[in-house]
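Here is how names work: the chains are called A, B, and so on, in the same order as the sequence lines, proteins then strands, and each is numbered from 1. From a predicted model like this one, the values you see are computed outputs, not experimental measurements.
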Amino acid sequence: MRIEAVIRRIPRGKVSTYGAVARAAGLPRGARLVARVLQRGYGLPWQRVLGAGGEIKLRGDSAIEQRLRLEAEGVRFRGRKVDMKQCEFRFGPSVRKR
DNA sequence: AAGATGACGCCCG
DNA sequence: CCGGGCGCCATCT
């Protein structure tokens, strides 16, 4: 599954967004799909995937969990959001092997 | 089959 | 910065 593969590429200490992952996976309109895959939990680094702008889209305890885990990895927060400027991971040129 | 829902994203005011 | 509305997509009622 492309989505899964893409998510696994995000290195520790870095993050990405639902939309970015979707695009990298070749699903320009699949942000919500990415979210579903994560929730289903496959043993993916779910904490490294945020909403556009670096905002945590979870609620309640889960949101706290995520924030804690990210900070533990060294991800810097700017208020409610993650400092994407510095922590966003850029995927390689959609290397669609062809 | 139609409507509602949700870890989304983007545009407007 | 914040809220509201609309488009997207798969799943569940």
Side-chain angles (χ1 to χ4, degrees):
Chain A
M1 191 74 75
R2 286 201 95 43
I3 296 182
E4 235 194 278
V6 174
I7 296 174
R8 280 189 224 284
R9 284 180 202 127
I10 307 175
R12 187 168 171 294
K14 290 278 180 180
V15 300
S16 190
T17 66
Y18 304 96
V21 171
R23 286 191 295 273
L27 301 168
R29 304 292 177 272
R32 295 190 108 125
L33 295 230
V34 175
R36 217 173 319 284
V37 172
L38 286 166
Q39 184 155 59
R40 224 170 139 186
Y42 280 86
L44 299 164
W46 61 271
Q47 70 271 32
R48 297 182 194 150
V49 185
L50 309 164
E55 182 171 28
I56 290 184
K57 292 303 235 179
L58 288 179
R59 292 166 299 175
D61 294 335
S62 311
I64 307 301
E65 245 307 308
Q66 182 166 32
R67 173 152 189 165
L68 251 28
R69 289 183 143 221
L70 288 177
E71 292 187 311
E73 291 186 3
V75 175
R76 311 287 200 65
F77 273 76
R78 222 201 327 75
R80 271 169 120 18
K81 307 176 189 169
V82 165
D83 186 347
M84 298 305 267
K85 202 85 154 191
Q86 214 182 152
C87 305
E88 175 168 38
F89 174 72
R90 329 257 165 147
F91 298 96
S94 307
V95 216
R96 319 221 17 88
K97 89 216 63 79
R98 42 135 294 50

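The distance between atom CD of A:Gln39 and atom C1' of C:dC9, rounded to the nearest whole Å, is 15 Å. Separating the NZ atom of A:Lys81 from the P atom of B:dG9 is a distance of 12 Å, rounded to the nearest angstrom. Here C:dC9 presents its C1' atom at 7 Å from CZ of A:Arg36, a figure rounded to the nearest Å. A straight line from CZ of A:Arg59 to C1' of B:dA7 spans 8 Å, rounded to a whole angstrom. The separation between A:Ile7 atom CD1 and B:dC8 atom P is 13 Å, rounded to whole Å. A:Tyr18 has its OH atom 6 Å from the P atom of B:dC8, to the nearest Å. Whole-Å rounding puts the A:Tyr42 OH to B:dA7 C1' distance at 15 Å. Look at CZ on A:Arg23: it is 11 Å from C1' on B:dC10, rounded to the nearest Å.
In the hydrophobic clustering of ILVMFWY residues, with side-chain heavy atoms under 4.5 Å counting as a link, A:Leu68 and A:Leu44 come out apart. A:Ile64 and A:Leu58 sit in two unconnected hydrophobic clusters of ILVMFWY residues. Membership requires side-chain heavy atoms under 4.5 Å apart, directly or through other members.
Comparing B:dG6, B:dA7, B:dG9 against the side chain of A:Ala35 picks out B:dA7 as the nearest. With B:dC10, C:dC9, B:dA7 as the candidates, the nucleotide lying closest to the side chain of A:Ala52 is B:dC10.
The residue among A:Thr17 and A:Leu33 whose nearest nucleotide of DNA chain B lies closer to the 5′ end is A:Leu33.
Ion pair A:Glu73/A:Arg69 not flagged as a salt bridge, since none of the NZ, NE, NH1 or NH2 atoms sits closer than 4.0 Å to an Asp/Glu carboxylate oxygen.
Both tests pass for A:Arg67 against the ring of A:Phe77: distance under 6.0 Å to the centre and angle within 45° of the axis.
Among the heavy atoms of the strands, none lies under 4.0 Å from A:Gly30.
You'll find a donor-acceptor pair under 3.5 Å spanning the side chain of A:Arg32 and the base of C:dC8, going by distance alone.
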